[in-house]
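Have a look at the structure below before the remarks.
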2 protein chains.
Amino acid sequence: MGIIRKTQSVEVLLAEFKSTTEAVSAIALIKRLDSKLNKTTVYRVLDKLEDDGVLHSFLDKNGIKWYAKCNACTCSKHFDAHPHFQCLSCGKVDCVVIDVHIPNIPNREVVVSQVLIQGKCEDCFV
Amino acid sequence: MGIIRKTQSVEVLLAEFKSTTEAVSAIALIKRLDSKLNKTTVYRVLDKLEDDGVLHSFLDKNGIKWYAKCNACTCSKHFDAHPHFQCLSCGKVDCVVIDVHIPNIPNREVVVSQVLIQGKCEDCFV
DNA sequence: TTTGGTATTGCAACTCAGTTGTAGTAAATT
DNA sequence: AATTTACTACAACTGAGTTGCAATACCAAA
């Protein structure tokens, strides 16, 4: 289910992530690209870009989906405890370049770990 | 916004958590108690029980809300990295009694951390 | 134990992020 | 250029969670 064709939609979306390492919510992208792309297309292309390892996704504190081209992970290895930081003041989300160690748990197989840290970001931290 | 009255709805919901320390999704409760309680009531009572520190809530990998009366945390202290484990096979979620250390991040204030671990639970682990 | 204030409940209608079906369109292959 | 097939847009849908409001149940004071 990877990307097969280099379509306009794909290029438009890739351009959104080219300049920043910050995470963007799917909704924000849909609103921002409203004149260019259809909502369904945005969801489907993001999905494929994730399958292709270009982006990775996660849910924020409200269950909203965010995507990011992370600067730290190799995108073949973000099944690790890859932490994301969401600012409680401005809502901004980004990838945090720290390693959170998830210990093994007896009689369980740990496959993926998601860590969402909430607090005040660099801009909102007084 | 805590609980003021010991109503039937409150007792019915408390009973659901009395016998287990496993987490239950709001939806599961709504379906299970369909004959007894209204959907809205379930959501509202759960909300208050959380405010009162009786339950705590978190979102699973699908953005679905779960509640649990955790065995480990004091419920005045689950603002820590309190990990939850969701089984990828059976979907069951429970509280894991391990401490995941979230380091401080320069120029940021960490308020809450959520850790969701996904894998195979004790029952599904072969 | 009645009365009355008010927290709580049930219902219906709503919100809104995300999904699905489908007919039409655009990209690659020949 | 023709053909194949992936992709896109649109509209309609899904489903978890919310909101407004009238009716009801709880509690306390009389």
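In what follows, chains carry the letters A, B, and so on, assigned in the order in which the sequence lines appear, proteins first and then strands, with residues in each chain numbered from 1.
- Nearest heavy-atom pair across A:C121 and A:C90 is SG-SG, 3.9 Å.
- Residue contacts for A:I30: at a heavy-atom cut-off of 4.0 Å it reaches no nucleic acid atom on any strand shown.
- At a cut-off of 3.5 angstrom, the base of D:dA6 holds at least one donor-acceptor pair with the side chain of A:R5.
- Listed nucleotides: D:dA9, C:dG18, C:dT9. Nearest to the side chain of B:T41: C:dT9.
- Residues A:E16 and A:V24 are not in side-chain contact: their nearest non-hydrogen atoms beyond the backbone lie 4.5 Å or more apart.
- Side-chain nitrogen and oxygen atoms of B:T7 include none within less than 4.0 Å of the OP1 or OP2 phosphate oxygen of C:dT8.
- Phosphate contact (OP1/OP2 of C:dG10, side-chain N/O of B:T40, threshold under 4.0 Å): absent.
- Protein atom CG of A:D52 is 10 Å distant from nucleotide atom P of D:dC7, rounded to whole Å.
- The distance from atom CG of B:D47 to atom P of D:dT19 is 10 Å, rounded to the nearest whole Å.
- Residues A:F58 and A:A68 share a closest heavy-atom pair of CE2-CB, 4.5 Å.
- The distance between atom CD1 of B:I64 and atom C1' of D:dG15, rounded to the nearest whole Å, is 8 Å.
- Rounded to whole Å, atom P of D:dG17 lies 12 Å from atom CD of B:E50.
- Residues B:V10 and B:T7 have side chains in contact (heavy-atom distance under 4.5 Å, counting atoms from C-beta outward).
- Side-chain atoms of B:K39 come within donor-acceptor range of the base of D:dG17, with a qualifying N/O pair under 3.5 Å.
- Atom NZ of A:K65 and atom C1' of C:dC16 are 16 Å apart (whole Å).
- Distances from the side chain of A:Q8 to the nucleotides C:dT9, D:dA9, C:dA27 place C:dA27 closest.
- Remark: C1' of D:dG17 and CG of A:N62 are 12 Å apart, rounded to the nearest angstrom.
- Among all heavy-atom pairs drawn from A:K65 and A:L59, the shortest one is CA-CD2, 3.8 Å.
- At whole-Å resolution of the value, NZ in A:K36 and C1' in D:dA9 are 17 Å apart.
- Donor-acceptor pairing under 3.5 Å, judged by distance alone, is absent between the side chain of A:R44 and the base of D:dT8.
- Atom OH of B:Y43 and atom P of C:dG10 are 15 Å apart (whole Å).
- Distances were taken from every side-chain heavy atom of B:K48 (C-beta onward) to each of C:dG18, D:dT8, C:dT8; the shortest belongs to C:dT8.
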